[in-house]
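This is a predicted model, so every value here is computed, not measured. First listed ligand is number 1; within each ligand, the first listed atom is number 1.
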Amino acid sequence: MINVTKTFFPPIQDFNTQIERVWTNQWLTNRGELVLELETKLKEYLQVRSILILNNGTIPLQIALKLLGQHGEIITTPFSYVATTSSIIWENCTPVFVDINPEYLTIDETKIEDAITDKTTAILATHVFGNPCHVERLEKIAGQYNLKVIYDAAHCFGVDYAGKSIFDYGNVSTCSFHATKLFHTGEGGAIFCNDSSLMHKIYYSHNFGHDGPLAFHGLGINGKISELQAAMGLAVFPHIDNIISERKKVTEFYHSNLNFDILRTIKIREKTKWNFSYYPVIFESETQLLKVQKALNEMQIFPRRYFYPSLNNLQFVEKSAMPVSEEISKSVLCLPLYVGLSQSELDKICKIINSNLC
Ligand SMILES: *Cc1c(COP(=O)(O)O)cnc(C)c1O
């Protein structure tokens with residue numbers, strides 16, 4: 001069976017080596033030695049100024065929205081994973097959708113200003129499939145209207161834009177280290193913030209608000225990651241360059257073997273060093289997509305409809321029409337992309353797709 005993704009498992013000896021350190025230390029959580037070491041390694045690898053590793057990629061969105069959203073209207077993209085929208089509602093803010101650019105698939109920066117009201121407090125945009133939003137334009141709008149910018153950068157491990165980490169953009173940026181993501185700790189995530197006083201608030205927010213054992217800075221929640229997850233991260237980390245280069249090869253195979261007279265794929269923004277995190281193909285219609293999907297499924301190949309439905313159509317949000325996002329959501333399929341896909345498997349996938357396009 002070939003799925004859209006397959007979790008990268010490092011050699012078990014590498015994991016055992018890390019786990020033995022946990023037993024030696026007799027220390028399981030509360031920012032132990034392994035978590036701190038993983039933070040140091042990631043900070044250096046990603047070339048970011050600050051990083052706090054958390055227990056998943058959703059809690060950083062919630063913490064950022066709690067601190068910056070202030071129960072206001074949050075301008076956001078309808079084309080993302082459900083966590084982007086549900087975090088907004090969970091934090092008692094209101095999502096206000098702005099349609100996406102049909103080529104880059106990120107929020108359409110030219111439509112943001114029309115959606116701003118006096119209740120707007122922040123923009124929460126996703127660098128979808130690791131493709132950066134128009135960060136310069138978003139920053140400019142945010143400055144003009146006094147808004148905060150939060151980036152859901154769950155897909156962005158290793159992405160650079162204009163010569164620096166994509167995590168360095170926005171007031172706050174987040175990442176997910178879920179098992180299905182490019183770099184993973186099983187469950188895990190991170191938050192990035194270059195404003196040291198805001199980072200201080202984020203830091204205490206992720207640990208119940210503690211200021212030592214007896215005092216509290218303020219309100220907090222539990223966003224801590226354990227040593228067991230950090231052990232997985234430390235075992236995966238040495239393979240990261242190989243993971244990215246293997247994914248690049250798969251991407252190149254798709255690029256040169258799929259029928260792009262009929263299909264299209266995402267346009268990666270100029271000045272981006274991409275990470276090959278997903279391979280979305282956009283069909284001419286949903287009917288065409290369903291036909292291809294059925295043919296692939298019959299051969300035990302399971303791509304995923306990332307992202308469907310368009311988030312403005314979720315039953316718990318107020319209805320609004322987002323024609324571009326709805327159209328893309330209906331016609332996009334993410335193809336299998338992971339380390340270890342063989343040439344013959346890739347060849348089979350491309351042949352099935354190309355022969356089912358009419
Ligand atoms: C995976 C993902 C998340 C959530 O991350 P978890 O680590 O699973 O909590 C949030 N946003 C996007 C766009 C994602 O793909």
Taking atom types as modelled and ignoring hydrogens, do the side chains of Y161 and E136 form a donor-acceptor contact shorter than 3.5 angstrom?
yes
Going by the rule ring-ring contact (aromatic ring centres under 6.0 Å, His included), which residues pair with H200 if we only count those two or more places apart in sequence or in a different chain?
Y204, H217
Looking at residues at least two apart in the chain, or sitting in another chain, which of them share a ring-ring contact (aromatic ring centres under 6.0 Å, His included) with F283?
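Checked F283 against ring-ring contact (aromatic ring centres under 6.0 Å, His included); zero matches.
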Restricting to pairs with a member in residues 162-177, which pass side chain to side chain donor-acceptor pair (under 3.5 Å), not counting sequence neighbours?
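The answer is D168-N194.
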Ring geometry between Y279 and Y254 (parallel below 30°, tilted from 30 to 60°, perpendicular above 60°):
tilted
Euclidean distance, S329 OG relative to F307 CZ, rounded to 0.5 Å
9.5 Å
Extract all N/O-N/O pairs under 3.5 Å that connect ligand 1 to the protein, and present each with both atom names and the distance rounded to 0.1 Å.
unit_1	atom_1	unit_2	atom_2	d
ligand 1	5 (O)	S176	OG	3.3
ligand 1	7 (O)	G57	N	2.8
ligand 1	7 (O)	S176	OG	2.7
ligand 1	9 (O)	G57	N	3.2
ligand 1	9 (O)	T58	N	3.2
ligand 1	9 (O)	T58	OG1	2.6
ligand 1	11 (N)	D152	OD1	3.3
ligand 1	11 (N)	D152	OD2	2.7
ligand 1	15 (O)	H155	NE2	2.7
ligand 1	15 (O)	K181	NZ	3.2

